[in-house]
Amino acid sequence: MDQEKMPWTQVCDEFPKPMMPARVGQLYLSAYIPMYVLLDPEGRIVLYNPTEAQLDAKLAEIFGARPLP
């Protein structure tokens with residue numbers, strides 16, 4: 001993350017009990033990893049498990065850059 005210089009928070013989930021759901025995964029109803037959820041500054045879901053193209057386009061829109069080809 002330091003090399004990529006991504007300006008947003010990233011979460012590495014934890015599994016408090018063996019064979020039980022992960023904390024953040026349970027919060028966002030994630031059934032698999034990796035899972036992408038883009039939140040706005042108020043914590044509302046903007047994108048829920050988008051495709052790579054959808055995520056690139058939304059990040060470009062937010063940060064004012066062109067999406068990758």
Side-chain angles (χ1 to χ4, degrees):
M1 290 187 305
D2 289 339
Q3 286 179 323
E4 296 293 328
K5 304 208 183 318
M6 293 178 235
W8 50 83
T9 301
Q10 299 204 24
V11 176
C12 182
D13 214 339
E14 60 180 45
F15 296 83
K17 296 180 184 174
M19 304 304 289
M20 295 300 289
R23 292 179 193 260
V24 177
Q26 189 172 13
L27 178 65
Y28 291 103
L29 303 174
S30 171
Y32 46 87
I33 298 172
M35 170 76 180
Y36 301 97
V37 179
L38 183 62
L39 305 174
D40 71 9
E42 288 78 38
R44 295 180 297 230
I45 296 173
V46 175
L47 291 175
Y48 182 82
N49 206 30
T51 64
E52 184 178 352
Q54 290 169 324
L55 182 59
D56 285 345
K58 181 54 82 172
L59 291 175
E61 176 186 321
I62 291 169
F63 292 104
R66 295 182 48 209
L68 299 174

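Count residues from 1 along the sequence.
By the side chain to side chain contact (heavy atoms under 4.5 Å, CB included) test, Leu47 pairs with Leu38, Pro50, Leu55, Lys58, sequence neighbours left out.
Note that OH of Tyr48 and CD of Gln54 are 14.0 Å apart. Values are rounded to the nearest 0.5 Å.
Nearest heavy atom pair, residue Val46 against residue Leu39, reads CG2-C, 3.9 Å.
Contact check for Val37 versus Asn49: no side-chain heavy atoms found under the 4.5 Å cut-off.
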